Amino acid sequence: MNQTLTVMQPQVRAVWQLMATISDPEIPVLTLTDLGMVRSVEHDDDGWRIGFTPTWSGCPATAFLQKAIHDTMTEHGYTPVRVSVQLHPAWTTAWMSDAAKVRLREYGISPPVGHSCSAELPEHVECPRCGSQRTTLISEFGSTACKALWRCESCREPFDYFKCI
């Protein structure tokens with residue numbers, strides 16, 4: 001079995017760390033790297049290229065996040081920079097880190113359950129407040145299109161569920 005070891009340039013590693021400081025405007029406890037939205041960081045004689053995949057092609061935060069990436073890079077002296085939106089492959093919730101799912105729950109949003117290829121909502125999701133599985137779907141759409149609104153039958157609190165996309 002052959003193994004390939006990739007050595008990351010220190011500046012590329014530093015840029016990845018910068019990307020991990022940019023919060024999602026909708027869910028501020030998650031960063032672009034938590035969500036898996038930064039696809040690549042490359043540097044050559046023409047400058048820096050950041051590959052970025054929004055959570056969906058019509059995401060209204062796309063321009064905001066592109067600007068945040070550009071501004072963060074510029075503030076730290078990584079110029080020139082180009083941010084390329086990559087819509088293929090499409091983002092899925094499978095790209096979220098496990099740590100992101102924990103923080104999502106702590107923030108009060110039930111994290112995605114299942115695999116991204118499953119188009120149906122689960123029968124029950126865990127209440128992010130009390131941990132109960134006695135939950136009921138109220139609406140397939142919550143505060144945003146990527147969330148569904150549920151209610152916990154134990155603590156009686158409504159909550160968002162981040163759909164498995």
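No experiment lies behind these values; they were computed from the predicted model shown.
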I want to check something: taking the side chain as every heavy atom from C-beta on, are [X] and [Y] in contact at a cut-off of under 4.5 Å?
{"X": "Cys127", "Y": "Ser154", "answer": "no"}
{"X": "Val85", "Y": "Pro54", "answer": "yes"}
{"X": "Lys163", "Y": "Cys146", "answer": "no"}
{"X": "Phe162", "Y": "Pro112", "answer": "yes"}

Find the distance between [atom1] ([X]) and [atom2] ([Y]) and round it off to the nearest 0.5 Å.
{"X": "Glu126", "Y": "Trp150", "atom1": "CD", "atom2": "CH2", "result": "12.5 Å"}
{"X": "Cys152", "Y": "His124", "atom1": "SG", "atom2": "NE2", "result": "11.5 Å"}
{"X": "Leu18", "Y": "Trp48", "atom1": "CG", "atom2": "CH2", "result": "9.5 Å"}
{"X": "Thr144", "Y": "Ile109", "atom1": "OG1", "atom2": "CD1", "result": "7.5 Å"}

Single-linkage hydrophobic cluster, 4.5 Å side-chain cutoff, Ile69 and Trp56 together: no
ILVMFWY cluster, Met73 and Trp16 together (side-chain gap under 4.5 Å): yes
Set of residues satisfying salt bridge (charged side-chain N to carboxylate O under 4.0 Å, His left out) with respect to Glu26, sequence neighbours excluded: Lys147
Side chain to side chain contact (heavy atoms under 4.5 Å, CB included) between Phe159 and Arg105, worked out: CA-CA 10 Å; Phe159 62 92; Arg105 179 177 288 113; over 6 Å; no
My understanding is that only residues two or more places apart in sequence, or in another chain, count here; which of them pass side-chain hydrogen bond (donor to acceptor under 3.5 Å, both in side chains) with [X]?
{"X": "Gln11", "answer": "none"}
{"X": "Arg82", "answer": "none"}
{"X": "Thr136", "answer": "Glu153"}

Arg129 side chain to Pro158 backbone, donor-acceptor under 3.5 Å: yes
Any donor-acceptor pair under 3.5 Å from Tyr161 side chain to Val113 backbone: yes
Going by side chain to side chain contact (heavy atoms under 4.5 Å, CB included), name the residues that satisfy it together with [X], two or more places apart in sequence or in a different chain.
{"X": "Ala68", "answer": "Ile22"}
{"X": "Ser139", "answer": "Phe141, Leu149"}
{"X": "Ser23", "answer": "none"}
{"X": "Ala61", "answer": "Pro25, Cys59, Leu65"}

Glu157, CD atom: more than 12 neighbouring heavy atoms under 6.0 Å: yes
Heavy-atom pair with the smallest gap, counting every atom of Pro122 and Val125: CG-CG1, 3.3 Å
Heavy-atom closest pair, residues Trp91 and Thr55: CE3-O, 3.4 Å
Summary of side-chain hydrogen bond (donor to acceptor under 3.5 Å, both in side chains) pairs that have at least one residue in residues 70-81, sequence neighbours excluded: Lys67-Asp71
Would you give me the side-chain donor-acceptor pairs under 3.5 Å for residues 28-43, sequence neighbours excluded?
| from | atom 1 | to | atom 2 | distance (Å) |
| --- | --- | --- | --- | --- |
| Thr31 | OG1 | Thr33 | N | 3.4 |
| Thr31 | OG1 | Thr33 | OG1 | 3.1 |
| Thr31 | OG1 | Asp34 | N | 3.2 |
| Thr31 | OG1 | Asp34 | OD2 | 3.2 |
| Asp34 | OD1 | Arg103 | NH2 | 2.7 |
| Asp34 | OD2 | Thr31 | N | 2.9 |
| Asp34 | OD2 | Arg103 | NH2 | 2.2 |
| Arg39 | NH1 | Gly36 | O | 3.3 |
| Ser40 | OG | Gly51 | N | 3.3 |
| Glu42 | OE1 | Arg49 | NH2 | 2.8 |

